[in-house]
Undergrad: 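Provided herewith is a single structure, encoded as structure tokens, for subsequent inquiry.
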Protein chains: 2
Amino acid sequence: MAHRYQAQIYVTLRPSVLDPAGTAVESGLKHMGYDNVAGVRIGKYVELTLEAEDEAAAKTQVDRVCDELLANPVIENYRFELK
Amino acid sequence: MAHRYQAQIYVTLRPSVLDPAGTAVESGLKHMGYDNVAGVRIGKYVELTLEAEDEAAAKTQVDRVCDELLANPVIENYRFELK
């Protein structure tokens with residue numbers, strides 16, 4: 001019987017890749033007076049549900065979905081949790 | 001003495017708000033053969049570090065930063081964790 005899993009996926013830029021959006025947010029925060037903030041990095045957060053035989057199968061599929069569509073492995077890392 | 005905290009912030013669309021990007025990803029996945037996937041929602045994931053007197057002060061400031069800049073409270077929810 002298939003089980004339903006919720007995946008919470010975090011896609012982040014690799015540390016060596018420049019993040020202009022994060023830099024812009026950091027600059028905006030400093031202009032607003034928050035000068036104790038640093039290291040702003042912006043990524044994507046994706047939620048989805050999938051049906052799979054078991055948790056191992058669900059993990060394998062989420063890995064494939066991330067590699068093929070959600071993340072660009074050249075510049076991004078991802079990690080996910082299943083519930 | 002100020003302590004350094006890392007905040008991991010998740011900004012998601014409110015459930016009642018349409019998510020065209022999520023719908024497009026879901027449609028793409030179905031075209032790629034992943035027809036067991038549903039409920040794709042796309043949000044933002046923001047990491048930042050800040051210095052604050054204690055964890056309560058850090059929480060208060062991250063709440064303000066989210067309300068004022070990172071999230072649009074009309075259509076988005078946010079939650080965060082401090083480390």
Side-chain angles (χ1 to χ4, degrees), chain A residues 2-15 19 21-53 57-58 60-71 76-83, chain B residues 2-15 19 21-53 57-58 60-71 76-83:
Chain A
H3 298 271
R4 181 169 297 225
Y5 297 92
Q6 194 196 34
Q8 301 185 322
I9 303 165
Y10 313 93
V11 181
T12 49
L13 285 169
R14 288 179 183 274
D19 178 5
T23 307
V25 166
E26 191 170 322
S27 163
L29 287 172
K30 286 189 200 300
H31 279 287
M32 291 161 70
Y34 299 110
D35 46 13
N36 59 338
V37 172
V40 180
R41 303 281 288 176
I42 297 187
K44 282 176 286 187
Y45 170 64
V46 182
E47 287 179 349
L48 55 84
T49 59
L50 78 166
E51 290 189 353
E53 288 297 308
T60 304
Q61 182 173 347
V62 174
D63 260 323
R64 287 219 313 272
V65 162
C66 289
D67 281 328
E68 294 176 16
L69 189 71
L70 297 181
E76 292 171 327
N77 291 320
Y78 66 84
R79 66 180 200 278
F80 61 87
E81 292 151 17
L82 287 180
K83 283 185 183 172
Chain B
H3 298 272
R4 181 169 297 225
Y5 297 91
Q6 192 195 36
Q8 300 184 323
I9 303 165
Y10 313 94
V11 180
T12 50
L13 284 168
R14 288 181 183 271
D19 178 4
T23 307
V25 167
E26 190 169 324
S27 164
L29 288 172
K30 287 188 198 303
H31 279 287
M32 291 161 69
Y34 299 111
D35 46 13
N36 60 337
V37 173
V40 180
R41 305 280 288 177
I42 297 186
K44 280 176 288 186
Y45 170 64
V46 182
E47 286 179 350
L48 56 83
T49 59
L50 78 165
E51 289 189 353
E53 287 297 308
T60 303
Q61 182 174 347
V62 175
D63 261 323
R64 288 218 313 272
V65 163
C66 290
D67 281 328
E68 293 175 17
L69 188 71
L70 297 180
E76 291 171 327
N77 291 321
Y78 66 85
R79 66 179 200 281
F80 61 88
E81 292 150 18
L82 287 180
K83 281 184 184 175

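Every chain is numbered from 1 and lettered A, B, ... according to where its sequence line falls, protein lines coming before strand lines.
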Undergrad: What pairs with B/E51 under salt bridge (charged side-chain N to carboxylate O under 4.0 Å, His left out), at least two apart in sequence or on another chain?
TA: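 Testing B/E51 for salt bridge (charged side-chain N to carboxylate O under 4.0 Å, His left out), a comparison that skips the adjacent residues, returns B/R4.
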
Undergrad: Under 3.5 Å, is there a donor on one side chain and an acceptor on the other for A/E68 and B/Y34?
TA: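 A pair is found: one side chain offers a donor N or O, the other an acceptor, under 3.5 Å apart.
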
Undergrad: Between A/T49, A/T12, A/V40, A/I9, who has the most heavy-atom pairs with chain B when the cutoff is under 4.5 Å?
TA: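 Among the listed options, the one with the most contacts to chain B is A/T49.
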
Undergrad: Could you look at B/Q8 and say if it's the side chain, the backbone, both or neither that has a heavy atom under 4.5 Å from chain A?
TA: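 Contact with chain A: side chain only.
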
Undergrad: When you compare the side chains of B/Y10 and B/N77, does any donor N or O come within less than 3.5 Å of an acceptor on the partner?
TA: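 Distance-only check fails for B/Y10 and B/N77.
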
Undergrad: Shorter than 4.5 Å, heavy atoms on both sides: which option in B/L50, B/L48, B/N36 has the most such pairs with chain A?
TA: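 Max contact count across the listed options: B/N36.
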
Undergrad: Using distance alone, with no hydrogens and no angle criterion, decide if A/E47 and A/Y45 have a side-chain donor and acceptor under 3.5 Å apart.
TA: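 The criterion, which ignores hydrogens and geometry beyond distance, is satisfied for A/Y45 and A/E47.
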
